[in-house]
Amino acid sequence: MGQKINPLGLRLGTTQSHHSLWFAQRKKYFEGLQEDKKIIDCIKNYVQKNLRLSSDVEGITRIEIQKRLDLIQVIIYMGFPKLLIEDKPRKLEELQMNVQKELNCMNQKLNIAITRIGNPYGHPNILAEFIAEQLKNLVSFRKAMKKAIELTEQVDTKGNQIQIAGRIDGKEITRVEWI
């Protein structure tokens, strides 16, 4: 087997930027990583908990964290921000309070901003969530894949390739399907 590396590592600095922007001494670096993980998990859990009421995909593409001495700024890039923007002040404050409780940070201010991305179905994370939601609702895998291709064609993407693997349609043998 060859050595596998994260494709994001090849693209950093050229076509993509880091998702966390902060600096820490060598002994405190691990604490900073744990703090980032807590922030991301808390946000995703909050969005999933509030999404149970509605049947949409969550649509979070990435979460950017910028840390300074007295401020932690979190930018959430969402394809469908209506979940948090409908009652914007109340839901955003509730999310902010949940993250602050999780972090126990009294000396740093937490600022959460939500940015809507254009063409949400052009982003692979949102498309994968859409297909997974369709499969959970017992839609045929071919219909789900074709619907995903239709959605990406509406966004004017240059091309796409979809692969579903596993026990498709409840069969006993695993297989891989491409479109």
Side-chain angles (χ1 to χ4, degrees), residues 5-133 148 151-152 154-160 162:
I5 62 168
N6 191 341
L8 179 64
L10 296 173
R11 299 182 183 111
L12 283 176
T14 56
T15 60
Q16 291 185 2
S17 62
H18 293 276
H19 296 301
S20 293
L21 300 172
W22 48 271
F23 177 78
Q25 297 295 330
R26 187 175 285 222
K27 293 179 182 177
K28 302 258 183 180
Y29 186 77
F30 184 68
E31 294 171 12
L33 283 178
Q34 285 181 331
E35 198 173 76
D36 284 359
K37 182 71 173 153
K38 283 182 186 177
I39 291 171
I40 291 170
D41 288 344
C42 186
I43 291 171
K44 287 195 175 189
N45 288 339
Y46 179 81
V47 170
Q48 282 179 349
K49 182 180 77 173
N50 289 331
L51 267 180
R52 289 185 183 165
L53 304 175
S54 64
S55 63
D56 292 84
V57 295
E58 60 185 62
I60 295 178
T61 58
R62 85 175 180 263
I63 299 172
E64 243 180 52
I65 301 170
Q66 299 173 356
K67 294 182 189 175
R68 298 187 191 118
L69 290 176
D70 59 343
L71 176 71
I72 298 176
Q73 184 172 2
V74 180
I75 303 170
I76 304 170
Y77 292 92
M78 293 184 82
F80 311 105
K82 68 180 179 189
L83 171 71
L84 294 173
I85 291 182
E86 283 176 350
D87 305 324
K88 186 174 181 173
R90 188 174 58 98
K91 294 241 182 180
L92 219 50
E93 287 174 8
E94 185 181 335
L95 175 63
Q96 201 161 348
M97 293 302 290
N98 285 349
V99 173
Q100 280 183 336
K101 280 183 199 173
E102 186 74 28
L103 290 179
N104 296 327
C105 61
M106 298 302 165
N107 58 351
Q108 288 182 321
K109 184 181 175 191
L110 180 69
N111 184 12
I112 296 178
I114 296 175
T115 304
R116 185 182 190 282
I117 60 167
N119 302 329
Y121 287 112
H123 199 277
N125 289 353
I126 295 175
L127 203 61
E129 287 177 17
F130 172 77
I131 293 172
E133 187 67 29
L151 290 172
T152 56
Q154 292 174 0
V155 180
D156 293 330
T157 55
K158 292 182 181 178
N160 56 15
I162 298 175

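In this chain, numbering begins with 1 at the start of the sequence shown. Reckoned from all heavy atoms, side chains included, excluding hydrogens, waters and symmetry mates. None of the values given here were measured: they were computed from a predicted structure.
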### Message
I'd like to know if the side chain of Q96 reaches the main chain of L110, judged simply by a donor and an acceptor atom lying under 3.5 Å from each other, with no hydrogens or angles considered.
### Response
yes

### Task
Drop me the distance from K109's NZ to Q73's CD, to the nearest 0.5 angstrom.
10.0 Å

### Query
Measuring from N107:CG to L69:CG, what's the distance to the nearest 0.5 Å?
10.0 Å

### Query
With a 4.5 Å limit on heavy-atom distance, are the side chains of K37 and I40 in contact?
no

### Query
Short question: side chain of Q108, backbone of R68 - any donor-acceptor pair under 3.5 Å?
yes

### Minimal non-hydrogen separation, I60 against I63, with atom names
CG2-CG1, 3.9 Å

### Query
If you round to the nearest 0.5 Å, how far is CE of M97 from CD1 of I112?
11.0 Å

### Summary
Of all heavy-atom pairs linking P120 and G79, the shortest is CB-CA, 3.7 Å

### Message
With a 4.5 Å cut-off on side-chain heavy atoms, are I117 and I126 touching?
### Response
yes

### Non-hydrogen side-chain atoms of E35 and I72 separated by less than 4.5 Å
yes

### Task
Using a 4.5 Å cut-off on heavy atoms from C-beta on, say whether the side chain of I162 contacts that of T152.
no

### Task
Enter the distance from I5:CD1 to L10:CG here, rounded to the nearest 0.5 Å.
4.0 Å

### Task
Answer yes or no: is there a side-chain heavy-atom contact under 4.5 Å between K67 and D36?
yes

### Task
Decide side-chain contact (heavy atoms from CB on, under 4.5 Å) for I76 and V47; before the verdict, give the C-alpha distance in whole Å, the side-chain angles of both, and the deciding distance to 0.1 Å.
CA-CA 11 Å; I76 304 170; V47 170; over 6 Å; no

### Summary
Separation between CD (E129) and CD (E133), nearest 0.5 Å, reads 9.0 Å

### Summary
To the nearest 0.5 Å, atom CG of L21 lies from atom CD of E64 at 6.0 Å

### Message
Classify the ring geometry of W22 against Y29: parallel below 30°, tilted from 30° to 60°, perpendicular beyond 60°.
### Response
tilted

#### Entry: Note, N125 side chain near R62 side chain (heavy atom, < 4.5 Å)
no

#### Entry: More than 12 heavy atoms from other groups under 6.0 Å of CD on Q25
no

